[in-house]
Amino acid sequence: KAPRERTLEHPRQIAAGLADDCACDYCRQNVHNYRESLHGPVLRHLLDLGVPVDAAYGGDGYFGIAPSSTALHVAAWKGFPRTVRLLIERDAAVDRRDGEGRTPLSLAVKATVDSYWTERRTPESVAALLGAGASLAGTPYPSGYAEVDELLRDAAEAAAVIDVEM
């Protein structure tokens, strides 16, 4: 049987239960495109069917997305906290670095002070990543956003207490 061509329609078929596989290159390469707010059922279904939560994306220079980014990098940078939380629930690697050496946490911080998507500015992704144990290494501080700086400061103080107690 010849492989069927994968298009944007394929994930829609998966979400509707009309297709039963998604380990194809199309879905693995495009899992970063599905955000919880608009595509929650598709994203969840793709992950349920086996698309790796940490599948690497080739990048998008126009939007500042580096090669080797994962869906978590993209969601953190684009300001989609519900997607960040979903990916964390699905065991996405919170400290994995993209092709430019940035972590999802550093991108979430940057998204609050220096991104195209100012209407999505929120400390929620930063809080979710810190709650999941993301490392502060390489994260800019102070960021210039008081709520984010408070989260980072609290996390740094908690890490210092843990280091001392060990």
Side-chain angles (χ1 to χ4, degrees), residues 3 5-8 10-11 14 21-40 42-145 147-149 151-152 155-156 159:
E5 185 176 324
R6 306 299 186 186
T7 64
L8 186 56
H10 179 66
I14 289 170
D21 69 320
C22 71
C24 66
D25 286 338
Y26 179 85
C27 289
R28 194 170 54 256
Q29 294 289 329
N30 290 287
V31 70
H32 68 280
N33 281 326
Y34 302 102
R35 61 183 191 267
E36 179 67 5
S37 59
L38 296 178
H39 307 102
V42 174
L43 177 58
R44 288 176 187 279
H45 202 67
L46 288 172
L47 295 171
D48 287 345
L49 289 174
V51 171
V53 71
D54 288 320
Y57 172 48
D60 184 338
Y62 183 81
F63 289 113
I65 300 168
S68 299
S69 293
T70 66
L72 186 57
H73 288 98
V74 176
W77 171 231
K78 287 189 171 183
F80 296 125
R82 290 193 315 179
T83 305
V84 167
R85 287 190 297 271
L86 171 64
L87 294 166
I88 289 169
E89 289 169 13
R90 297 301 184 99
D91 296 323
V94 296
D95 288 327
R96 180 170 167 174
R97 294 185 178 271
D98 67 12
E100 293 181 10
R102 302 172 301 183
T103 64
L105 179 60
S106 67
L107 289 167
V109 169
K110 182 177 168 119
T112 65
V113 294
D114 181 28
S115 84
Y116 307 105
W117 307 282
T118 56
E119 71 280 2
R120 297 187 211 140
R121 179 179 165 162
T122 175
E124 292 178 56
S125 294
V126 173
L129 288 158
L130 289 170
S135 170
L136 294 170
T139 303
Y141 178 84
S143 70
Y145 185 21
E147 292 175 77
V148 168
D149 288 342
L151 290 167
L152 296 172

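- Side-chain contact check for Asp98 versus Leu107: some heavy-atom pair is nearer than 4.5 Å.
- Between Arg97 and Arg102, every side-chain heavy-atom pair lies at or beyond the 4.5 Å cut-off.
- The two residues Ala108 and Leu129 make their nearest non-hydrogen contact at CB-CD1, 3.9 Å.
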>> Please determine whether side chain to side chain contact (heavy atoms under 4.5 Å, CB included) holds for the pair Ile65 and Lys78, giving the CA-CA distance in whole Å, both sets of side-chain angles, and the decisive distance to 0.1 Å.
In response: CA-CA 9 Å; Ile65 300 168; Lys78 287 189 171 183; 3.8 Å; yes
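- Taking each heavy atom of Asp54 and Thr70 in turn, the nearest pair found is O-CG2, 3.6 Å.
- The ring pair (Phe, Tyr, Trp, His ring centres under 6.0 Å) analysis of residues 98-127, with sequence neighbours excluded, yields the pairs Phe63-Trp117, Trp77-Trp117.
- The minimum heavy-atom distance linking Pro81 with Ser125 is given by the pair CA-OG, 3.3 Å.
- When all heavy atoms of Ser106 and Pro140 are compared, the closest pair comes out as CB-CD, 4.2 Å.
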>> What verdict does the side chain to side chain donor-acceptor pair (under 3.5 Å) test give for Ser143 and Asp149, after you've listed the backbone C-alpha separation in whole Å, the side-chain angles of each residue and the deciding distance to 0.1 Å?
In response: CA-CA 6 Å; Ser143 70; Asp149 288 342; 2.8 Å; yes
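- Taking the side chain as every heavy atom from C-beta outward, Tyr145 and Arg121 approach each other to under 4.5 Å.
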> Could you go step by step and tell me if Leu87 and Leu47 meet the side chain to side chain contact (heavy atoms under 4.5 Å, CB included) rule?
Replying inline: CA-CA 9 Å; Leu87 294 166; Leu47 295 171; 4.2 Å; yes
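- Residue pairs that meet the side-chain hydrogen bond (donor to acceptor under 3.5 Å, both in side chains) test with at least one member in residues 126-136, sequence neighbours left out, do not exist here.
- The distance from atom CG of Leu86 to atom CG of Leu43, rounded to the nearest 0.5 Å, is 5.0 Å.
- Here the shortest heavy-atom pairing between Leu130 and Ala155 reads CD2-CB, 3.8 Å.
- Between the CG atom in Leu72 and the CG atom in Leu105 there is a gap of 10.0 Å [rounded to 0.5 Å].
- For the pair Thr122/Thr112, no side-chain contact is recorded, criterion being any heavy-atom separation below 4.5 Å from C-beta on.
- Between Arg96 and Ser68, the shortest heavy-atom distance links the atoms NH2-O, 4.1 Å.
- Here Arg90 contributes atom CZ and Arg85 contributes atom CZ; the two are 14.5 Å apart, rounded to the nearest 0.5 Å.
- Between Glu124 and Arg82 there is no salt bridge, since no side-chain N of the basic residue sits under 4.0 Å from a carboxylate O of the acidic one.
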